[in-house]
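Worksheet: the structure to be examined is printed underneath.
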Amino acid sequence: MDSFDLFEPTGATLRLGNDAVVLREFALGRVGELFPAIVAVEAASPLRRMVTPGGLTMSVASTNCGMLGWVSDQRGYRYTSVDPETRKPWPAMPDVFASLATLAAAEAGFPGFEPDACLINHYAPGARMSLHQDKNERDFGAPIVSVSLGLSATFLFGGHERTDRAARVSLHHGDVVVWGGADRLRYHGIMPLKSAQHPLTGTERINLTFRMAG
Ligand code: MD3
Ligand code: FE
């Protein structure tokens with residue numbers, strides 16, 4: 001998959017599956033508005049490293065905005081309307097987040113996507129996300145939209161069984177990925193982030209994941 005990068009013009013669409021596409025640099029024109037909105041969300045609900053039900057601390061630092069937020073602790077994975085750290089509702093989803101997610105989903109063939117949850121993940125060098133499925137949302141009919149910012153990462157795109165061989169796709173600053181339909185429950189993950197410098201995020205990759213969770 002990585003070797004296709006050379007042949008992709010800017011703004012291209014890379015099809016990963018029947019119902020999954022990478023919209024290259026789709027978010028670039030909105031980055032100037034996205035960054036202050038991320039800073040504001042993280043001022044209200046600070047980044048934290050969540051603990052998996054197995055008791056391991058995740059390598060990514062996370063927070064949420066929107067009506068619902070994804071949380072993990074010893075009791076399991078779930079969506080909550082209150083941030084367990086601040087005990088206040090998650091910050092509202094910034095308009096620029098919601099409009100970008102709706103526009104990207106429509107571009108990928110999923111009109112009417114109105115996310116109620118946005119998970120913000122920060123990856124420092126070495127941080128990773130091991131292969132998993134996203135199964136905590138109520139309606140698997142809705143797509144998931146993900147926005148990559150800052151340092152590039154290698155995304156693993158697997159099958160419907162954990163042991164299915166995973167394709168590798170580089171995701172770069174401004175890329176937006178939309179996953180729906182038959183590809184919605186595929187195993188996926190992120191390889192450990194390589195150390196590098198990005199002019200906007202320094203040593204980090206930031207990922208925004210939009211869902212209709214409730
Ligand atoms: C493919 N986050 O938060 S986003 C997650 O870059 C998560 O932080 C990764 O996996 C990240 O759950 C990957 C891309 C993504 C999100 C959901 C998917 C890909 C997906 C659901 C089904 C298939
Ligand atoms: Fe996921």
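In each ligand, atom 1 is the first atom listed, and ligand 1 is the first ligand listed. In this text the structure is predicted, and so the values were computed from the model without any measurement.
- Between the side chain of H188 and the main chain of H132, a donor-acceptor pair closer than 3.5 Å is present.
- Atom OG1 in T13 sits 9.0 Å away from atom CZ in F26 (nearest 0.5 Å).
- If you look at the Fe ion (ligand 2), the protein N, O or S atoms less than 2.8 Å from it are H132 NE2, D134 OD1, H188 NE2.
- By the criterion of a heavy-atom distance under 4.0 Å, neither the backbone nor the side chain of R128 is placed next to ligand 1.
- For the pair P94/C65, a side-chain contact is recorded, criterion being any heavy-atom separation below 4.5 Å from C-beta on.
- Applying the 4.0 Å criterion to heavy atoms of S146 picks out, from ligand 1, the atoms 4 (S), 14 (C).
- Under a 3.5 Å cut-off, the side chain of R205 and the backbone N or O of S152 do not form any donor-acceptor pair.
- For ligand 1, the atoms lying closer than 4.0 Å to a non-hydrogen atom of I144 are 16 (C), 17 (C), 21 (C).
- In this structure, S72 contributes its side chain and V51 its backbone to a donor-acceptor pair below 3.5 Å.
- Of the possible donor and acceptor atoms, none in the side chain of D83 sits under 3.5 Å from a partner among the backbone N and O of K88.
- Atoms of ligand 1 lying under 4.0 Å from at least one heavy atom of R211, given by number and element, are 3 (O), 5 (C), 12 (O).
- Across all their heavy atoms, L151 and Q197 have their closest contact at CD2-C, 3.7 Å.
- Residue contacts with ligand 1 for E137 are absent, since no atom lies close enough (heavy atoms, distance under 4.0 Å).
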Show the numbers, then the answer: is there a ring-ring contact (aromatic ring centres under 6.0 Å, His included) between F110 and W179? CA-CA 10 Å; F110 300 96; W179 323 82; over 10 Å; no
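- Scanning the protein heavy atoms around atom 15 (C) of ligand 1, the nearest turns out to be W179 NE1, 3.3 Å.
- Nearest protein neighbour of atom 21 (C) of ligand 1, counting heavy atoms only, is H188 CE1, 3.3 Å.
- Here the side chain of R168 pairs no donor or acceptor atom with the backbone of L156 at under 3.5 angstrom.
- Looking at F155, Y123, Y77 and measuring to atom 9 (C) of ligand 1, the nearest heavy atom belongs to Y123.
- Listed by number with element, the atoms of ligand 1 under 4.0 Å from a non-hydrogen atom of R184 are 21 (C), 22 (C), 23 (C).
- At the top of the distance list for atom 6 (O) of ligand 1, counting protein heavy atoms only, stands R205 NH1, 2.8 Å.
- For atom 17 (C) of ligand 1, the closest non-hydrogen atom of the protein is D134 OD2, 3.3 Å.
- Using a 4.0 angstrom heavy-atom cutoff, H132 counts as in contact with ligand 1.
- No donor-acceptor contact under 3.5 angstrom links the side chains of D175 and H173, judged on distance only.
- Side-chain contact of T80 with W90: a donor-acceptor pair under 3.5 Å is present, judged by distance alone.
- Against a heavy-atom cut-off of under 4.0 Å, L119 is close to the following atoms of ligand 1: 3 (O).
- R162 forms no cation-pi arrangement with Y187, by the criterion of a distance under 6.0 Å to the ring centre and an angle within 45° of the ring axis.
- For the pair D183 and ligand 1, a heavy-atom separation below 4.0 Å is found.
- A donor atom on one side chain and an acceptor atom on the other are found under 3.5 Å apart for E42 and H122.
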